[in-house]
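Have a look at the structure below, then the notes.
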Amino acid sequence: MHIVIAIICILSLPVISMTAASCSRITDGKMFTASREAVFRLPVWPPPNREQTAYPDLDFWVIEYSSEQGTEKIRAGRNTASITLSLPENIPAAVQAWPVTRHNGKDVLFFHPAGTVYPYSLTLSWEDGFAADILSSLYKVTANRHEAGSFCSCFNWERLMSALRVRVTAYTETTGYYDPWLLNKDGILSAIAGRSFSVYKLKNQETTAVSLQEYTETVLAPFIPANTFISGNNNITLLKKGQNIFLYGREKIAVISLTATGKISLAIRDLPLYTGNK
């Protein structure tokens, strides 16, 4: 028998419905999923690459983990190397870690999170952060998390993470770096829910690479792996339509977009302060 999961979407997500076969154990006629403790390794900060000195100091980590049991948030200190979480056994869970950095005495939330999909990996990486965000979003937009857990257990999260990693490491000077956070997230969520997802959804045709030759301040992208490419090639990857946000020096952000004629439009704004909402 199949169970239809109706999802009432929030924010900008489309209305999605998912059909899933039950994968959880049944005990005395009730759903039962055992939990176990798992130790997750956090990333090193600053990231160990050539632009290491350009990163602001880390103040703390915001850890969020989403599963069929709910979504929880905790803080971890700047020197924390690993965290222990209790999660449903053999049911996918999204674990994400946002670095909250210090700028002129204030906390700022700017960089995309590192993440992983449990139980396939216990190491949070910047490359897997987007895949974890996709799983987390699927859980957050459904009222029946047990049914969502059953559905998500049937999706190949290992393949998704692997496909994203391959694309992130395959950048060139011509195409620029690959940033999964610039993909059509709503389209990916709908495709997974409708069982029509393919790796073609990971092909981003709405971006272009542009030069940073005219800018004197250090520019950092919110997607950490992109910054190795930026420092080595002095190019950034932009959405052709819409705004693109970069850290500009230590105290400002650059909002960059492309005009209808392909020229770069740059606006300098204040940093987004951390308010505790994430």
Leu135 vs Val117, side chain to side chain contact (heavy atoms under 4.5 Å, CB included): CA-CA, chis, key distance, verdict: CA-CA 8 Å; Leu135 175 57; Val117 175; 3.7 Å; yes

Any side-chain heavy-atom pair of Thr101 and Asp107 under 4.5 Å: no

Heavy-atom check, side chain of Pro92 versus side chain of Ser153, under 4.5 Å: yes

Check: Ser67 main-chain N/O paired with Arg145 side-chain donor or acceptor under 3.5 Å: yes

Validation row: Glu64, Trp98 side chains within 4.5 angstrom (heavy atoms): yes

Passing option when Phe111 is tested against Leu247, Leu58, Val100 for side chain to side chain contact (heavy atoms under 4.5 Å, CB included): Leu247

Nearest heavy atoms of Leu124 and Pro43, plus distance in Å: O-CG, 3.6 Å

Nearest-0.5 Å distance that lies between atom CD1 in Ile256 and atom OH in Tyr248: 8.5 Å

The single option from Val95, Thr80, Asn79 passing side chain to side chain contact (heavy atoms under 4.5 Å, CB included) against Leu42: Thr80

Leu164 and Asp128: CA distance, side-chain angles, deciding distance, side chain to side chain contact (heavy atoms under 4.5 Å, CB included) verdict: CA-CA 8 Å; Leu164 288 169; Asp128 292 337; 5.8 Å; no

Name of the residue among Leu87, Thr116, Thr71, Ile83 meeting side chain to side chain contact (heavy atoms under 4.5 Å, CB included) with Tyr65: Leu87

Check: Asn233 and Tyr177 side chains under 4.5 Å, non-hydrogen atoms: no

Atom of Pro47, atom of Trp126 and distance for their closest heavy-atom approach: CG-NE1, 4.5 Å

Backbone N/O of Ala148 and side chain of Tyr139: donor-acceptor pair under 3.5 Å: no

Side-chain donor-acceptor pair present, Tyr274, Asp59, cut-off under 3.5 Å: no

Any side-chain donor near an acceptor of the partner, Ser121 and Thr123, under 3.5 Å: no

Sub-4.5 Å side-chain heavy-atom contact between Ile188 and Phe130: yes

Any side-chain heavy-atom pair of Leu122 and Arg41 under 4.5 Å: no

